[in-house]
Amino acid sequence: MEDRVSEPKLVLVFSGKRKSGKDYVTDLIQNRLGSDVCCVLRLSGPLKHQYAQEHGLDLDQLLGPGLYKEQYRADMIRWGETRRRQDPGFFCRLATRGAQQPVWVVSDARRLSDLQWFWSEFPRQTRSVRVQSSETTRQQRGWSFTAGVDDAESECGLDSGIEFDWIISNEADALSLEEQLQPILKLAEEAADNH
Ligand SMILES: Nc1ncnc2c1ncn2[C@@H]1O[C@H](COP(=O)(O)OP(=O)(O)O)[C@@H](O)[C@H]1O
Ligand SMILES: C[C@@](O)(CCOP(=O)(O)OP(=O)(O)O)CC(=O)O
């Protein structure tokens, strides 16, 4: 267990394919709860930070949504996997260090080891959420299949074998996100009230 000033009351661990809308949905949750109550934690944050430093790259561009990140994605995946093999909780620990809000929203779990780390560190508080969109919708948002990325563990590691606590369908013709997120927001508000 880490040395922490305070433990989170609720940890919502999100996963989903590229352009399924993980950032969109997790930002929406944070906007609804407010940044005093809820922080969005990205496991890719410390990964990109360290990768940029070691390779002399522009961190801001790696953190952004543009093509720059995509040029380095396959190599970042390989680099991150080497790190995770030595220590599966490495990026989880770095990403959660210093988080003080009662509700943590982790926007980008990709592998079973990511989820296992949260289940093991915060067994009572952790809930898993999957964001799903069709390939057509993801294509409309700019996705196209890239070998070495979309067929790798980084994108497929949580495709099967997990019973997610919630599955959110992020599609124009699905129930509105407001409605789908209602039980999650209710749980988060209760967790924050008991803080
Ligand atoms: N429900 C939605 N309504 C409008 N735009 C959306 C919606 N979901 C996702 N998007 C847009 O699609 C793009 C990809 O979403 P993003 O959250 O970045 O995906 P991911 O983090 O899963 O790769 C972004 O430009 C985002 O604003
Ligand atoms: C090397 C990565 O961490 C890059 C992740 O970058 P983002 O989290 O920005 O990706 P998307 O939101 O899916 O576009 C992937 C990994 O395997 O760890």
Side-chain angles (χ1 to χ4, degrees), residues 12-32 40-55 57-96 105-118 128-159 164 167-181 184:
L12 297 165
V13 183
F14 281 75
S15 66
K17 305 255 180 202
R18 294 200 286 148
K19 306 287 182 194
S20 59
K22 300 181 295 296
D23 281 334
Y24 188 91
V25 171
T26 53
D27 283 351
L28 198 153
I29 290 176
Q30 191 190 33
N31 287 337
R32 285 292 305 274
V40 177
L41 306 174
R42 296 191 167 84
L43 305 183
S44 61
L47 190 159
K48 289 175 182 176
H49 198 273
Q50 209 137 337
Y51 181 85
Q53 243 178 10
E54 282 188 23
H55 296 80
L57 297 173
D58 181 337
L59 176 61
D60 285 341
Q61 290 221 57
L62 275 186
L63 290 169
L67 275 180
Y68 188 85
K69 161 176 82 176
E70 300 307 332
Q71 284 168 20
Y72 294 100
R73 188 187 287 264
D75 192 55
M76 271 197 295
I77 291 173
R78 280 193 296 275
W79 181 90
E81 275 169 3
T82 308
R83 259 291 155 52
R84 280 171 158 120
R85 264 196 297 277
Q86 295 156 355
D87 177 1
F90 184 72
F91 298 116
C92 298
R93 271 202 311 280
L94 286 177
T96 55
V105 171
V106 179
S107 75
D108 59 346
R110 294 172 179 277
R111 298 162 175 83
L112 188 56
S113 63
D114 296 334
L115 259 173
Q116 278 168 338
W117 188 85
F118 285 98
S128 59
V129 191
R130 185 72 166 175
V131 180
Q132 275 182 353
S133 300
S134 67
E135 290 201 349
T136 310
T137 301
R138 292 168 59 216
Q139 275 157 357
Q140 284 161 1
R141 295 178 187 150
W143 173 77
S144 63
F145 182 88
T146 307
V149 171
D150 292 295
D151 51 2
E153 193 191 5
S154 169
E155 289 296 306
C156 307
L158 297 175
D159 276 2
F164 294 102
I167 296 177
I168 304 296
S169 171
N170 184 22
E171 297 282 354
D173 60 3
L175 208 60
S176 74
L177 284 179
E178 280 294 323
E179 280 173 273
Q180 294 187 70
L181 292 176
I184 299 179

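In listed order, ligands and their atoms are each counted from 1.
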Counting from 1 in the order shown, the ligand 2 atoms closer than 4.0 Å to a non-hydrogen atom of Leu47 are 1 (C), 3 (O), 18 (O)

of all protein heavy atoms, closest to atom 21 (O) of ligand 1 is Asp23 N, 3.1 Å

**Asked** At a 4.0 Å cut-off, with the gap strictly under it, does some heavy atom of Lys48 reach an atom of ligand 2?
**Response** yes

Answer yes or no for Gly16: is there a heavy-atom contact with ligand 1 below 4.0 Å? no

closest protein heavy atom to atom 16 (P) of ligand 1 is Gly21 CA, 3.7 Å

TODO: Could you tell me whether Asp27 and Arg42 have a side-chain N and a carboxylate O separated by less than 4.0 Å?
DONE: yes

The protein heavy atom nearest to atom 3 (O) of ligand 2 is Ser44 CB, 3.5 Å

the protein heavy atom lying closest to atom 14 (C) of ligand 1 turns out to be Lys19 CD, 3.8 Å

The closest protein heavy-atom partner of atom 13 (O) of ligand 2 is Arg110 NH2, 3.0 Å

**Request:** Take the angle between the ring planes of Trp79 and Tyr51 and call it parallel below 30°, perpendicular above 60°, tilted in between.
**Result:** perpendicular

Closest to atom 1 (N) of ligand 1 among protein heavy atoms sits Asn170 OD1, 2.8 Å

**Message:** Could you check whether any side-chain heavy atom of Gln61 comes within less than 4.5 Å of a side-chain heavy atom of Lys69, counting everything from C-beta outward?
**Reply:** no

Query raised in the report: Ion pair present between Arg73 and Glu70, side-chain N to carboxylate O less than 4.0 angstrom?
Result: yes

Quick one, Trp117 and Thr96 - any side-chain contact, counting heavy atoms below 4.5 Å? yes

Notebook entry, point to check: Less than 4.5 Å apart, any side-chain heavy atom of Leu57 and any of Tyr68?
Noted result: yes

Do any nitrogen or oxygen atoms of Ser154 come within less than 3.5 Å of a nitrogen or oxygen of ligand 2?
yes

among protein heavy atoms, the one nearest atom 5 (N) of ligand 1 is Tyr24 CE1, 3.7 Å

Atom 27 (O) of ligand 1 touched by protein (heavy atom, under 4.0 Å): yes

**Prompt:** Is Asp159 close to Arg130 at the side-chain level, that is, under 4.5 Å between some pair of heavy atoms?
**Reply:** yes

Honestly, for Lys22 the part within reach of ligand 2 (heavy atoms, under 4.0 Å) is side chain

| message | Between Lys17 and Asp150, does any NZ, NE, NH1 or NH2 come within less than 4.0 Å of an OD or OE carboxylate oxygen? | response | no

of all protein heavy atoms, closest to atom 1 (C) of ligand 2 is Met76 CB, 3.5 Å

Going by the 4.0 angstrom heavy-atom rule, the piece of Arg83 near ligand 2 is neither

**Item:** Met76 vs Lys48 side-chain heavy atoms within contact, under 4.5 Å
**Value:** yes

Practice problem: Specify whether the nearest protein heavy atom to atom 9 (C) of ligand 1 is under 4.0 angstrom away. | Solution: yes

### Message
When you measure from the heavy atoms of Arg84 to every atom of ligand 2, does any distance fall below 4.0 Å?
### Response
yes

I'd like to know if the side chain of Asp108 reaches the main chain of Leu43, judged simply by a donor and an acceptor atom lying under 3.5 Å from each other, with no hydrogens or angles considered.
yes

Within the 4.0 Å heavy-atom cut-off, what Lys69 brings close to ligand 2 is side chain

For atom 11 (C) of ligand 1, the closest protein heavy atom turns out to be Arg141 CD, 4.1 Å

Atoms of ligand 1 under 4.0 Å from any heavy atom of Lys17, numbered from 1 in the order shown, are 22 (O)

Nearest heavy-atom approach of Ala95 to Pro46 is N-CG, 3.9 Å

Among non-hydrogen protein atoms, atom 14 (O) of ligand 2 lies closest to Arg73 NH2, 2.7 Å

So for Arg111 against ligand 2, with non-hydrogen atoms under 4.0 Å, the contacting part is side chain

Within a strict 4.5 Å, meaning less than it, do heavy atoms of the Asp75 and His55 side chains meet? yes

Check: Passes side chain to side chain donor-acceptor pair (under 3.5 Å), Ser134 versus Glu171? Steps please.
Finding: CA-CA 8 Å; Ser134 67; Glu171 297 282 354; 3.3 Å; yes

